[in-house]
Amino acid sequence: MGAEFVQLSLTPILIGTLSAIACALPGNFLVLRRQALIGDAISHVVLPGIVLAFLVTGSVGTWPMMLGAAAAATVAVGLIEAVRRLGGIEPGAAMGVVFTTLFALGVLLLEQSDTSRVHLDVQHALYGSLESLIWFDAEGWASLVDPVALAGLPPELFRIAAVAALVCLLTAIFWRPLKIATFDEGFAATLGIPTAALGLGLVMTAAVAAVAAFDAVGSIIAIAMFICPPAAARLMTQRLESQIWWSVLFAVVSAVAGYVLAGYGPLWLGGQDAVSAAGMIATVSGLILALAARFGPHRARQGRVRRDDPQPQSR
Amino acid sequence: MTNSALRLVARDGEALRRDHSGDALTITGLSASYGTRPAVFSFDLAVPKGSMAAIVGPNGAGKSTLLKAALGIMPRLSGTVSVLGLPLEEARDRVAYVPQRASVDWDFPARVIDVVLMGLYRELGLLGRLKPEHRARAVECLARVGMADFATRQIGQLSGGQQQRVFLARALAQGAGLYLLDEPFAGVDAATERAIIAVLKDLRAAGRTVICVHHDLATVTDYFDRIVLMNVHKIADGPVETVFTPENLQAAYGGLLATAQIEGLAHPAG
Amino acid sequence: MSTLLQALSLSAGYNAALVAIGAALLGIAAGFVGSFLFLRKRALVSDAIAHATLPGVGVAFLVMVALGGSGRSLPGLLAGAALTAALGLLAVDWIARRTRLAEDAAIGAVLSVFFGTGIVLLTVIQTLSAGKQAGLKDFLLGSTAGMLMVDAVVIAAGGLIALALALIMRRPMILVAFDAEFAAATGWNLRRIDMAMMGLVLAVTVIGLKVVGLILIVALIIIPPAAARFWTERADHLALIAGGIGGVAGYVGTGISAAAPDLPAGAVIVLVCATIFTLSLLAAPVRGVLAALIRRRRFQIRVHLRQGLLAMARQEPIFDPLTLAVLRRRGLIRSDGVPTEAGRAEAARTRRDELRWEIARAMHRDDPAVASYDGLTPIDALLTADQIAEIDRRIPPASGVTG
């Protein structure tokens with residue numbers, strides 16, 4: 001655990017961890033609201049977003065890419081709502097229609113445009129390259145207090161740290177209305193909580209987290225972190241407050257263990273090269289969910305009334 | 001029919017407030033629909049302060065829709081609503097709503113007291129600190145519905161009647177002047193029904209106003225002093241003794257109730 | 001354009017023709033099967049199935065290489081894909097039934113975790129045998145370029161088999177999609193039919209992997225039924241229309257991409273589907289957006305008109321701006337709010353209609369058509385002239401309503 005670790009592994013682990021937390025926090029509410037797959041949809045439309053941004057600006061700079069991705073996510077959310085409401089199509093199918101169409105558009109644009117000379121491809125969008133986000137200037141733990149070395153930290157670290165902080169802050173500020181509206185939307189409306197705007201805000205926060213995570217680590221981690229840590233956390237506790245903490249813990253464990261396994265696992269098994277860290281982080285989060293689903297203290301269902309079973313209601 | 005009598009007045013707050021200072025809830029010209037089928041049509045209603053009123057009508061008559069549209073939970077096609085003499089938006093603190101029990105997912109990760117504390121949201125705001133006295137008040141509200149021992153119970157473990165009591169306790173925590181309840185007695189046990197009606201009568205005794213969507217005609221005269229009969233339109237509203245008549249019931253229920261049934265209900269004493 | 005015609009008329013080469021036919025058959029089968037998934041409101045289960053194929057492709061490659069092969073045999077890779085897709089399907093089913101998590105969370109978890117594992121396996125393959133795995137990435141987005149004869153045959157035969165299976169299974173699937181409780185009550189095993197339906201989705205997914213790719217194959221399962229929904233209210237018609245849309249998209253899509261090899265077939269097929277969907281969403285006669293908007297607006301105006309006229313007849317003030325606007329536009333009130341002659345006459349007519357309804361409801365208590373008065377229908381739309389005359393005789397003269 002010396003200089004090599006600080007230089008090669010510290011920043012990827014930090015970036016992976018922060019991405020995981022930024023996605024897992026809004027994921028808790030998405031899972032409880034039966035909107036888990038909105039994260040999946042948003043992550044898929046990042047591709048057309050960045051391709052369009054490249055076509056418009058001609059550069060692969062970070063900000064055009066992130067803005068393009070955010071714009072595509074906004075458009076996708078709007079289109080899903082439009083198809084759902086205007087077309088009377090159930091939410092799952094509406095998401096399926098919209099994200100596949102936009103993704104196909106992204107693939108088409110990518111093939112049509114001259115992107116061969118720049119580093120822009122589908123694989124990168126899907127699973128990023130966490131391994132490459134190393135800290136060249138670091139020479140050991142002492143570099144953590146060396147301003148010159150700190151200036152050489154990968155910029156992705158600062159971006160994802162800012163987004164993770166923003167997500168934490170928003171979760172803290174809107175904690176009460178989010179909790180009330182997620183449990184009982186009608187009651188929340190009578191309290192004067194703008195439930196529609198709150199729901200949209202939640203989805204947009206998830207979109208920002210997905211875009212920032214994509215920038216650093218690719219879409220696949222974002223989807224996995226939206227769903228797996230919160231889902232596993234739900235099986236560990238009966239209180240929303242502790243569910244949040246469990247989900248953060250699971251997100252951190254997935255990121256750290258996934259990165260370490262991807263980087264060092266093959267060496268232990270006698271291989272030579274590392275495997276995809278993004279894929280391994282998703283895999284570890286799935287293993288955690290599997291364990292929680294098998295052994296979690298609160299894994300079984302309890303409520304007598306489930307939202308997806310139609311209840312006889314007068315109106 | 002003079003022109004001046006028919007002159008149409010532009011909408012303004014003063015006009016809305018004019019005669020309704022003694023009313024807890026005033027609804028004018030409210031229409032709401034599912035798709036292009038009216039569920040509530042051109043509804044006018046004024047419920048005086050301190051009354052305990054039942055909204056009664058057959059299945060699909062738009063009773064719950066009337067409440068939801070009045071409270072802004074679902075969109076209105078037209079109409080205005082005022083609460084205790086104020087437009088609804090300025091009177092959010094003074095209305096407590098108890099939705100149908102089946103409208104939420106009881107598998108939500110929360111304890112009984114967490115649900116009751118939701119009733120203090122207007123008071124606490126986004127970041128207000130939750131103090132011991134808030135918890136004490138929530139427990140006291142639970143005690144009023146006979147659920148004090150269940151405060152730390154997971155809500156998924158409750159029976160239907162207990163869930164309904166928790167919802168009522170949450171409304172009590174709001175400390176409102178007007179209580180709107182959607183089918184509070186639907187599918188609850190007899191003990192819970194007695195407990196709920198006792199709490200509601202206490203509220204009326206304290207000068208609060210209670211309005212329930214109610215489906216059991218047999219208990220209307222025992223529980224309520226006013227009644228609103230509806231079937232998409234308003235059929236009648238007023239004190240139970242003048243409104244709960246065979247003619248009005250016939251008009252609301254049509255062929256859905258046998259005449260003998262109606263005669264029996266409307267004159268329970270006779 | 002002529003190369004497109006060539007491709008569409010199946011004269012652009014034997015392989016291309018086989019692929020086009022295969023894609024059309026695949027599209028029909030996908031749209032047909034997808035309809036039942038759509039009606040069961042479980043469209044996105046197909047997304048989990050599709051993403052769960054990736055680790056299977058990787059494992060199959062590794063196994064085939066370990067056995068001394070090149071690892072690139074399409075049937076072998078598809079068999080592996082089917083295996084892990086089935087595992088993913090079982091995992092979704094198990095999580096949704098045995099834990100408190102809802103199906104959408106189960107779908108999201110399975111698709112991201114299986115896909116992540118697949119990516120890990122791809123990087124393993126990359127390190128083991130640099131260069132040799134190039135073909136595997138085609139499974140992400142599909143590719144018809146440079147397809148071998150044997151691959152085209154596999155796809156065409158696979159499409160045919162999937163369609164045949166779907167046709168054989170159509171009765172129980174329609175029954176379950178239409179009314180699951182009734183199906184269960186009449187002795188069908190719901191779980192078995194659901195699993196068979198999912199098995200069919202799995203088959204379509206696996207066959208489509210090479211052409212459309214695993215990220216976009218779900219589009220072929222989800223979009224055609226969603227588009228077909230705008231054109232019909234019947235489950236069996238929905239499945240037929242969806243099959244038609246899927247078939248057209250598969251055929252035209254592969255045709256376009258054969259004519260312009262730069263265009264990836266999968267993306268083009270999906271975009272053809274999406275175009276059909278958008279047209280349906282906007283322009284379908286009953287369920288389309290334009291039709292609904294017009295209907296909704298007309299309805300709202302009718303409500304306001306009626307309420308406004310009744311208020312005028314009762315000499316009550318009107319506050320609602322839309323009501324005022326509607327009345328003004330029809331010349332029923334002047335711009336200063338005073339009723340016109342026509343307005344007074346119309347208000348009186350409306351008042352009379354309302355009074356007639358009141359009496360009609362008292363007279364025809366047991367007639368559901370009368371009892372279910374919606375507040376908008378004029379009474380002469382429902383009752384005959386002599387019935388109305390009978391009602392008019394009962395209107396008290398004091399009501400002040402005259403013809």
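Here is the naming used below: chain letters follow the sequence lines, and residue numbers restart at 1 for every chain.
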Rounded to the nearest 0.5 Å, what separates atom [atom1] in [X] from atom [atom2] in [Y]?
X	Y	atom1	atom2	result
Arg100(C)	Arg234(A)	CZ	CZ	4.0 Å
Asp40(A)	Asp47(C)	CG	CG	5.0 Å
Leu271(C)	Thr101(A)	CG	OG1	7.0 Å
Ile281(A)	Ser112(C)	CD1	OG	12.5 Å

Hey, are the side chains of [X] and [Y] touching, using non-hydrogen atoms and a 4.5 Å cut-off?
X	Y	result
Thr283(A)	Phe114(C)	no
Leu289(A)	Leu101(C)	yes
Val270(C)	Phe103(A)	no
Leu44(C)	Phe99(A)	yes

Counting heavy-atom pairs under 4.5 Å with chain C, the top scorer among Gly87(A), Ala290(A), Ala82(A), Gly106(A) is Gly87(A)

Could you tell me whether a side-chain N or O of Thr123(C) sits under 3.5 Å from a main-chain N or O of Val275(A), the two making a donor and an acceptor? no

Provide the closest heavy-atom pair for [X] versus [Y] in the form atom of the first, atom of the second, distance.
X	Y	result
Ile89(A)	Ala226(C)	CD1-O, 3.6 Å
Val113(C)	Ala282(A)	CG2-O, 3.6 Å
Gly108(C)	Ile227(A)	CA-CD1, 3.2 Å
Leu216(C)	Thr100(A)	CD2-O, 3.4 Å
Asp104(C)	Arg34(A)	OD2-C, 2.8 Å
Ala104(A)	Ala267(C)	O-CB, 3.5 Å

Just wondering, are more than 12 heavy atoms of other shown residues or ligands nearer than 6.0 Å to CZ in Arg295(C)? yes

More than 12 heavy atoms of other residues, nucleotides or ligands under 6.0 Å from CZ of Arg98(C): is that the case? no

Could you tell me which portion of Ala292(C) (side chain, backbone, both or neither) has an atom closer than 4.5 angstrom to a non-hydrogen atom of chain A? neither

Between [options], which shows the greatest number of heavy-atom pairs under 4.5 Å with chain A?
options	value
Ile107(C), Ile95(C), Leu37(C)	Ile107(C)
Ile221(C), Val268(C), Leu111(C), Leu293(C)	Leu111(C)
Ala91(C), Ala274(C), Ala109(C)	Ala109(C)

Structural part of [X] lying under 4.5 Å from a heavy atom of chain C:
X	result
Ala293(A)	both
Leu86(A)	both
Ala274(A)	backbone
Met95(A)	side chain

